[in-house]
Amino acid sequence: MEKKFQKYEEFTNKWTGVISRFPLIEMQGVPLRNYIVQNWSSISAFEPDPSDMLIATYPKAGTTWVQEIVDLLQHNGDSEACKRASTIDRFPFLEIQYPPPIPSGLDLLRNMRPPRFIKTHLPIQLVPEGFWRHKCKVIYVARNAKDNLVSYYHFHRMNKAQPEPGTWDEYIQNFMRGKLAWGSWYDHVKGYWKEREKRNILYLFYEDMKENPRREVERIMHYLDLSLAEDVINNIVELTSFKVMRDNPMANYTFVPKIMFDHSISAFMRKGEVGDWTNHFTPAQSQMFDEDYSRQMAGVDIPFRTSL
Ligand code: A3P
């Protein structure tokens, strides 16, 4: 606990006066944080090792959940080993950039030896080319648009590094127009879906993970060419349940200082459910969203589910 407290203090000292609601700049049609765009040439030139693995998601689709599963699988279910550091230190966030002295994703990557488990929210066309050239393993997690939007909305409220969310109505419009950080949800999920077979991407759904976490943990295990004992797999399912992760200080993002993540506004581990959108969308908003969705997703057969 002492060590964790020191780390939190260290973070707070570094981040005070540095964090603000950073503006977005469009890069190749994708709105990204200004610092990401300013450092784009080094991000896109990142050269992974063939043993590195990428966990790619649209923000709030279940990144942290899959990260924890992957780490536990790699450590044969050893929960203490997976508490060696916080999620942000265990999984460098490829494109993330802050003003100094906060380390960037690339800084963390430089200090870590392969194999590394790298997080990205980049749409597929912006992923550094080296990942494909080296045939790195890539896990993609997708979540149905309405729940993804709700989760992102609450995240914008509590994350002081993201632009102001505006009203709920404005937020829905911005989501539909692809104006939020990391761009269009529609293009994101379609981009990875179209390439999943050709590029050997493991394409997962948040809803499938909720429905049958054991089945999905096993899918990830096979993709990683691992074979763990039955009781270890059961334990990993338990350790990555919403309740256990919510109380895990190395996975629940309470390690991020309050000046950036204010959990009193909305917890990072907020609800972890499928169908929470029904508590947010009015019938009129839902109808308008669905009509637009049919247009944007026309001709695409990604099996999203908005309820279980
Ligand atoms: P909610 O805001 O709907 O609760 P990401 O990690 O991509 O930022 O996604 C965060 C979302 O995943 C949040 O959704 C969070 O609660 C949910 N989540 C994180 N761990 C989870 C788990 N073990 N089980 C279910 N949902 C989880």
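Every number for a ligand or one of its atoms is a count from 1 in the order of the listing. Quick note: numbers below take in every heavy atom, side chains included, and nothing from hydrogens, waters or symmetry partners.
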Undergrad: Distance-only, no hydrogens or angles: does the W182 side chain make a donor-acceptor pair with backbone N or O of P59 under 3.5 Å?
TA: no
Undergrad: With a 6.0 Å cut-off on ring centres, are F281 and F289 close enough?
TA: yes
Undergrad: Sequence neighbours left out, what pairs pass salt bridge (Lys or Arg N to Asp or Glu O under 4.0 Å) with at least one residue falling in residues 177-194?
TA: E26-K179
Undergrad: Do the charged groups of E164 and R21 touch, with an N to O distance under 4.0 Å?
TA: yes
Undergrad: Taking any residue with a non-hydrogen atom under 4.0 angstrom from an atom of ligand 1, which ones do you get?
TA: K60, A61, G62, T63, T64, W65, R143, S151, Y206, T240, S241, F242, M245, F268, M269, R270, K271, G272
Undergrad: Tell me whether the count of non-hydrogen atoms from other residues, nucleotides or ligands lying under 6.0 Å of CD in E291 goes above 12.
TA: yes
Undergrad: So that I know where these two stand, are F175 and Y152 an aromatic pair - ring centroids less than 6.0 Å apart?
TA: no
